[in-house]
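Below: the structure, in structure tokens.
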Amino acid sequence: MHEGNSVIAPPAACSRVLDRTELPVDTVQLARFLIGKMLVRELAEGVAGGRIVETEAYPIGDAAGHAYRGITPRNQALFLERGHAYVYVAYGSSFMMNVSSETPGVGAGVLIRSIEPTDGISIMQRNRGTEQVRDLARGPGRLCAALGIDRRLDGIDLCQVGPLWLGSDGQSADEIGQGKRIGIIRAADSPLRFYVRGNCFVSGARALNR
DNA sequence: TTGGCGATTGGCT
DNA sequence: GCCAATCGCCAAT
């Protein structure tokens, strides 16, 4: 339905970087705010990235959140001021990327689940080992693989142009849907997942109707 | 020091 | 749709 967005949307590299003061100081609001924004990765081979079409909020006190049991060496980036990257490994082989979302010392974050590729398609195809554009960054593990995101980027500031940053191309987001988060056990019923309605680059179609 | 557990993915039925 | 692979992290021993 919205396949044309990848053609219509300006390249992520033309975005202006988000200023931290623009980010809502609330995890759930930030998850909604980030829909339609750009995620830009700068690599030696060039720029790759796209439009954020799916996020999940893991707010303060959320039993499903990695910050729930307090700060540890793994999750300390979640406790940085909003707008920093938290990258971790899930299931042994998939990296996941979050945006820290609260004030310094408070642990919470927004999981970036999917982007609609706009820049560096060939770079992402190589990183993912597939030609299928729809599958390049649909899902949190695929997204990180496509953009070459790993623990080395844990803790970096996303509100500053660099290896990985958040941008805005000035376009308003399409209609935003909201539903249950995917793949968790605890607090599974909270409607903390946000996505662009009808966008084919959103993951978890199966979970939509649960 | 160790055992269990995932905010997933991809291959196979 | 079902299920195995995979391994860093951390709570409990």
Side-chain angles (χ1 to χ4, degrees), chain A residues 26-35 39 50 52-80 82-102 106-117 124-155 158 164 166 177-196 200-210:
Chain A
D26 175 272
T27 303
V28 179
Q29 288 183 44
L30 180 63
R32 179 184 284 273
F33 172 86
L34 288 175
I35 298 291
L39 181 64
I52 296 170
V53 295
E54 184 181 9
T55 63
E56 285 178 357
Y58 289 86
I60 299 169
D62 176 17
H66 284 190
Y68 186 61
R69 295 172 199 283
I71 193 166
T72 70
R74 173 176 75 149
N75 69 15
Q76 56 184 341
L78 276 180
F79 293 77
L80 297 173
R82 68 194 193 284
H84 288 80
Y86 164 51
V87 181
Y88 72 96
V89 182
Y91 298 105
S93 52
S94 297
F95 289 101
M96 312 271 152
M97 184 208 149
N98 290 239
V99 180
S100 69
S101 55
E102 297 285 342
V106 177
V110 174
L111 172 70
I112 309 298
R113 284 194 61 91
S114 303
I115 65 172
E116 177 175 331
M124 292 191 261
Q125 287 171 324
R126 187 169 350 120
N127 286 342
R128 287 272 298 112
T130 178
E131 298 284 306
Q132 297 298 318
V133 175
R134 187 168 107 94
D135 294 337
L136 289 182
R138 183 169 51 84
R142 294 170 181 153
L143 183 160
C144 287
L147 297 182
I149 294 172
D150 59 30
R151 281 287 278 177
R152 287 174 295 187
L153 293 175
D154 186 56
L158 300 169
L164 184 65
L166 290 167
Q178 185 171 358
K180 295 177 185 179
R181 294 175 294 184
I182 295 174
I184 58 171
I185 305 296
R186 295 185 295 271
D189 290 335
S190 302
L192 295 175
R193 171 171 172 264
F194 298 92
Y195 56 94
V196 175
C200 72
F201 297 95
V202 171
S203 75
R206 282 169 304 184
L208 276 177
N209 300 321
R210 280 207 295 240

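Protein chains get the first letters and strands the later ones, always in sequence-line order, with residue 1 at the start of each.
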TODO: Using the six-membered ring of A:Tyr68, assess whether NZ or CZ of A:Arg186 lies under 6.0 Å from its centre and within 45 degrees of the ring axis.
DONE: no
Task: A:Tyr91-C:dA5 aromatic stacking (under 5.5 Å, under 30°) - done: no
Please report the distance, rounded to the nearest Å, between [atom1] in [X] and [atom2] in [N].
| X | N | atom1 | atom2 | value |
| --- | --- | --- | --- | --- |
| A:Leu136 | B:dG10 | CG | P | 11 Å |
| A:Tyr88 | C:dC10 | OH | P | 12 Å |
| A:Ile182 | B:dG6 | CD1 | C1' | 16 Å |
| A:Leu78 | C:dC9 | CG | P | 14 Å |
| A:Met97 | B:dA7 | CE | P | 18 Å |
| A:Asn127 | B:dT9 | CG | C1' | 16 Å |
| A:Met96 | C:dT6 | CE | C1' | 12 Å |

Task: Carboxylate-amine/guanidinium contact A:Asp135 A:Arg142, below 4.0 Å - done: no
Task: Carboxylate-amine/guanidinium contact A:Arg32 A:Asp26, below 4.0 Å - done: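 So A:Arg32 does not pair with A:Asp26 through a salt bridge.
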Task: Pair A:His66 + A:Tyr88: ring centers closer than 6.0 Å - done: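 Yes, the ring of A:His66 comes within the 6.0 Å limit of the ring of A:Tyr88, centre to centre.
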Open item on the list: Side-chain N or O of A:Arg186 versus OP1/OP2 of B:dA7: is the shortest distance under 4.0 Å?
Closed with: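 The answer is no; no side-chain N or O of A:Arg186 sits under 4.0 Å from OP1 or OP2.
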Task: A:Arg142 side chain near B:dA7 phosphate (N/O to OP1/OP2, under 4.0 Å) - done: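 Indeed not, no polar side-chain atom of A:Arg142 lies that close.
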TODO: Determine the minimum heavy-atom distance between A:Ala188 and A:Ile185, stating which atoms define it.
DONE: CB-O, 3.4 Å
Task: Contacting residues from residues 62-76 of chain A, given that a heavy atom lies under 4.0 angstrom of DNA chain B - done: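 When residues 62-76 of chain A is checked for heavy atoms under 4.0 Å from DNA chain B, the hits, listed by number, are A:Ala64, A:His66.
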Task: Nearest-nucleotide 5' precedence on DNA chain B, A:Ile184 against A:Arg128 - done: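 It is A:Ile184, whose closest nucleotide lies nearer the 5' terminus.
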Open item on the list: Under a 3.5 Å threshold, yes or no: a donor from one side chain and an acceptor from the other, between A:Glu102 and A:Thr27?
Closed with: yes
